[in-house]
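Index from 1, following the sequence.
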Amino acid sequence: MELLNVLAAALGAYVFGAVWYMSLSKAWMAASGVAVGADGRPANGSNPMPYVTGFLAMVVVAGMMRHIFSMAGIDTVGKGIVAGLGIGAFFVMPFLAMNYAFAMRNSKLTLIDGANATFACAIMGAILMLF
């Protein structure tokens, strides 16, 4: 059952990310500087590896969050959401901000990607506590 809830949490975060980036696609492409094809979509959009890597990353994060939650005694949906928000906002986002600052990336990219990580971790936290 633990593997299923980790996979469900990963899938929930992955689907959220898909919706997030579809709704912010123009802003994200402008901020990230990703190469755009003649159709206005990312030039590597047909490459499956970013999508596979993205889902596997969500499985790893959800698995570690499940472990942390178990060790910390997080046992309700509310606590899962708050802990997930904290992980996204205070663990993931600062690393993104630091890496993007050193890479001289647009600060809007930090906000778009950091908010995705924060909300996705909150979603993972909620789903992990539903099982």
Side-chain angles (χ1 to χ4, degrees):
M1 190 70 159
E2 292 168 4
L3 177 61
L4 288 179
N5 90 353
V6 167
L7 291 174
L11 184 62
Y14 187 83
V15 168
F16 169 78
V19 172
W20 180 259
Y21 285 108
M22 282 190 288
S23 66
L24 296 170
S25 62
K26 289 182 183 176
W28 179 83
M29 287 187 288
S32 69
V34 70
V36 178
D39 60 0
R41 302 177 84 180
N44 72 341
S46 63
N47 181 356
M49 284 312 296
Y51 304 101
V52 171
T53 302
F55 183 72
L56 292 176
M58 295 302 94
V59 171
V60 169
V61 172
M64 190 62 197
M65 283 179 61
R66 191 204 69 73
H67 174 70
I68 291 169
F69 287 8
S70 175
M71 298 297 290
I74 295 169
D75 56 2
T76 68
V77 172
K79 289 178 185 178
I81 291 169
V82 170
L85 283 169
I87 288 168
F90 299 110
F91 291 172
V92 180
M93 195 164 188
F95 275 100
L96 287 175
M98 177 184 63
N99 290 339
Y100 291 175
F102 277 109
M104 305 295 288
R105 304 300 295 268
N106 189 320
S107 60
K108 290 180 184 174
L109 185 61
T110 301
L111 294 175
I112 292 169
D113 291 348
N116 171 63
T118 299
F119 296 134
C121 285
I123 290 166
M124 282 185 195
I127 293 171
L128 287 170
M129 293 298 97
L130 288 174
F131 291 88

If you take all heavy atoms of [X] and [Y], which pair is closest and at what distance?
X	Y	value
Phe91	Phe95	O-CD1, 3.0 Å
Asn116	Gly17	OD1-CA, 3.4 Å
Phe55	Tyr14	N-CE1, 3.6 Å
Cys121	Gly84	CB-O, 3.1 Å
Ile74	Met129	O-SD, 3.3 Å
Ala31	Leu109	CB-N, 3.7 Å

Does [X] share a hydrophobic cluster with [Y], counting links as ILVMFWY side-chain heavy atoms below 4.5 Å and allowing steps through other members?
X	Y	result
Val59	Val15	yes
Met93	Trp28	no
Val6	Val60	no
Ile112	Met98	no
Tyr51	Leu56	no

Practice problem: Compare all side-chain heavy atoms of Phe90 with those of Thr118 and state whether any distance is below 4.5 angstrom. | Solution: no

Quiz item: With side chains defined as the heavy atoms from C-beta onward, is the minimum distance between Asn5 and Leu130 less than 4.5 Å?
Solution: no

Measure the [atom1]-[atom2] distance between [X] and [Y] for me, rounded to the nearest 0.5 Å.
X	Y	atom1	atom2	answer
Leu111	Asn106	CG	CG	9.0 Å
Ile127	Ile123	CD1	CD1	7.0 Å
Leu24	Met22	CG	CE	11.0 Å
Met65	Ile87	CE	CD1	4.0 Å
Leu96	Arg105	CG	CZ	11.0 Å
Met124	Arg66	CE	CZ	14.0 Å

Quiz item: When you measure from the side chain of Ser23 to the backbone N and O of Val19, does any donor-acceptor pair fall under 3.5 Å?
Solution: yes

Quiz prompt | Any residue meeting side-chain hydrogen bond (donor to acceptor under 3.5 Å, both in side chains) with Trp20, in chain and number order, not counting sequence neighbours | solution = none

Exercise. For Lys79, check side-chain hydrogen bond (donor to acceptor under 3.5 Å, both in side chains) against everything at least two apart and list the hits.
Key: Asp75

